[in-house]
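Worksheet for the structure shown next.
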Protein chains: 2
Amino acid sequence: MASRAKATIFDIAREAGVSKSTVSLVLQGSGLIRPETAVKVRKAIEDVGYVYNRGAANLRKAHSNVIGMVINDLTNPFFAELAVGMERVFQSAGIVPFIANTAENPVRQEEVLKSLMEQGVAGLIVSPARGTTPGAFRRLEMAGVPVVFAMRRLPESRIPVITPDNHRGAYLAAAHLIGKGHRRLAFFGGSADLVVYQERLGGFREACETLGIAARDITVIEGETSRRGGIACLDTALATSEPPTAALCFNDAVAFGVMLALRKRGLEPGPDFAVVGFDDVVEAEHYMPALTSVSVDTAGLGERAAHVMLKMIQSRTTRAEDHIGAVNLVIRESCGPDRRARNRPAGMGDAA
Amino acid sequence: MASRAKATIFDIAREAGVSKSTVSLVLQGSGLIRPETAVKVRKAIEDVGYVYNRGAANLRKAHSNVIGMVINDLTNPFFAELAVGMERVFQSAGIVPFIANTAENPVRQEEVLKSLMEQGVAGLIVSPARGTTPGAFRRLEMAGVPVVFAMRRLPESRIPVITPDNHRGAYLAAAHLIGKGHRRLAFFGGSADLVVYQERLGGFREACETLGIAARDITVIEGETSRRGGIACLDTALATSEPPTAALCFNDAVAFGVMLALRKRGLEPGPDFAVVGFDDVVEAEHYMPALTSVSVDTAGLGERAAHVMLKMIQSRTTRAEDHIGAVNLVIRESCGPDRRARNRPAGMGDAA
DNA sequence: GCCTATAAATGGAACGTTCCAATAAATCAA
DNA sequence: TTGATTTATTGGAACGTTCCATTTATAGGC
């Protein structure tokens, strides 16, 4: 059953009684071959258990059909959603994207990028790891491989970027909090070496300024972009003399952490302390209480990035327009104080 | 700046004043070349902006160094954790694994598998999609590509499998519930076409039988393996005349859904209805209430799978031992009734 | 029937590596 | 010096495709 040495187009040719060139033509679906010949060849392909060798083909062909997705943190469901969006469009283009995880590690990222290049990728969609050096993508540029950044960007770089409107999202969220009557606000999580962070914090600050919140009433605490980071942020914030009463979190993971920490202290997220997240991952809606968050249409951005990529490959360019995706604030229960009647524990309360 | 046509070893050879063979040797880190020559060549490599063409190399070399991970649902954090475990060991072997998502779709899986084969993968770690036909991996076998299944398996197949001890995990969980005094038990989520489902349900049933729960007191409800599925399961279960008081869920996602649905009805997960999950994803610990779950050491299983894969490649075999990973029940708050003092809402309760 | 136009199939070179066998250079024993 | 041995380096063939320029078969026009 198991075929000996792997079959090549020559084996097919022999089997079908044609030349290797004919087989190649059939493989490429050329209209030049007679239908009955094609049928014969296809049968032979099946019979010998042939598997196409794309590496060999790429040696002659101009471009491969491999597209890489380089993602900084696969365990964040946010990036999985992004990946899913991209896959939707690549699939309909007959392309199988390969995903590689850099685990937020620039060194690892370097390896991944190198490996992908050696593989001869046609293009790369990248959410760069924290601490990526400006030169990390120079080789790609030199080789003329199209690259687009998704969700994150590098400080000064000419690589096209697909991101949500971080500034506006943060502005909306902060304005909402202020509108609810909060006067002492915090921004939790993230770190200043990320451009996204600058943008989100910028929007937050602008809202505060415009709507009359004094700078000394603003608490900014950097931290890990994870649940753990959120817990830490809340703890240090509440330790101050005049603690904030509401926080915008760098992302939903941080917000979940904050809510958890509130509960641990016996405080109820929403009524006792307002929290707003960013990204609106699917869990946000299902959390308890449901998290108010800035929705960024993750999958949509993924699709967009994929389309841009496809277009770049097609027109063999390495440039493209940036795309700033629309955002909107999804208001749920985690930001008081228009307190809905909270369900009392262990009772047959009215179904929500 | 951008180099013209991509550089080859010939360009390097010319630049360094040596032969292409010498360059090749240097590239492979051969000890045969004189150190100063190697230095010269390496400088030339840098100067011409060379990128290694692995496709061309694989044409002559026996084996590639690409390993594929085919995953059925990337948005389930469980699989992301699995992937992370694998990456750890591949990284230290100098291998960059490529991840591809099948989105639980056998057709998509077929495409992914085909693409990976064409790419000349050295091996594949696969968590097969639901509804995978037995023949789906025949081509791989014919081509002699090592494959290992992780987490899931196919009904009858000789491909080695790395899974947790599903039977035992479910047994432990059910026994715990029964020990707590529950007499009417449910098994929520999953579907019978999955071998894992059979195993988990089997363990559950065995515990019930052994510990004296009558068959008519057992409710089994199949459903999506997602939050949504969990919600649906609870709703139909509570609609029966004698509803269960506790449930073992097919996985944590289902359990989260169940808890959510309980809350929606004003019931408190734990005191009012016990729920136990399976997989123990990181969120389980951080949920509210924290979820009791069967811990399977996901990352550890990923590492194990990667090691097995490496060994198979090295010894060029397509066979290996199955590996059944140890499990243990992590008891948290979601399974009453030894009710800890639940925190009352909106008060300064004692910190947990 | 012969010449031309079209359709179908083919051989050969090229792609960028690796690996083997062979050469060239350096070292050593006599 | 000569030959043997070791150490470095090299040319050529091969890997499995694609693509171009040809060749061969088929059909059409007269």
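These figures come from a predicted structure and were not determined experimentally. Chain letters run A, B, ... following the sequence lines, proteins first, then strands; residues in each count from 1.
Considering every non-hydrogen atom in both A/V161 and A/D322, the closest pair reads N-OD1, 3.1 Å. The two residues A/E303 and A/V89 have their closest heavy-atom pair at CA-CG1, 3.5 Å.
For A/L25 and D/dA21, the CG to C1' distance is 14 Å, given to the nearest whole Å. In this structure, A/L32 places its CG atom 15 Å from P of C/dT6, rounding to the nearest Å. Residue A/K40 contributes atom NZ, which lies 11 Å from atom C1' of C/dA8 at whole-angstrom precision.
Between B/E81 and A/T75, the side chains place no donor N or O within less than 3.5 Å of an acceptor N or O (distance only, hydrogens not considered).
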Please tabulate, one pair per line, each protein N/O and nucleotide N/O from nucleotides 13-17 of chain C that are separated by under 3.5 Å, including the distance.
| residue | atom | partner | partner atom | Å |
| --- | --- | --- | --- | --- |
| C/dA14 | N3 | A/R60 | NH1 | 3.2 |
| C/dG16 | N2 | B/A56 | O | 3.3 |
| C/dT17 | OP1 | B/Y50 | OH | 2.5 |
| C/dT17 | OP2 | B/I9 | N | 2.9 |
| C/dT17 | O5' | B/Y50 | OH | 3.3 |

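Side chain of A/S315 to backbone of A/K311: a donor-acceptor contact under 3.5 angstrom is found. With hydrogens and angles disregarded, a donor-acceptor distance shorter than 3.5 Å links the side chain of B/D11 to the backbone of B/T8.
The base of D/dG11 has none of its N or O atoms less than 3.5 Å from a complementary donor or acceptor on the side chain of B/S19.
At least one side-chain nitrogen or oxygen of A/R34 sits closer than 4.0 Å to the OP1 or OP2 atom of C/dA9. Contact check, B/T37 against D/dA8: no side-chain N or O comes under 4.0 Å of OP1 or OP2.
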- Message: Apply ring-ring contact (aromatic ring centres under 6.0 Å, His included) to residues A/F98 and A/F90 and explain how you reach the verdict.
- Response: CA-CA 11 Å; A/F98 292 133; A/F90 285 137; over 10 Å; no
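Which of D/dT10, C/dG11, C/dA9 sits closest to the side chain of A/S21 comes down to C/dG11.
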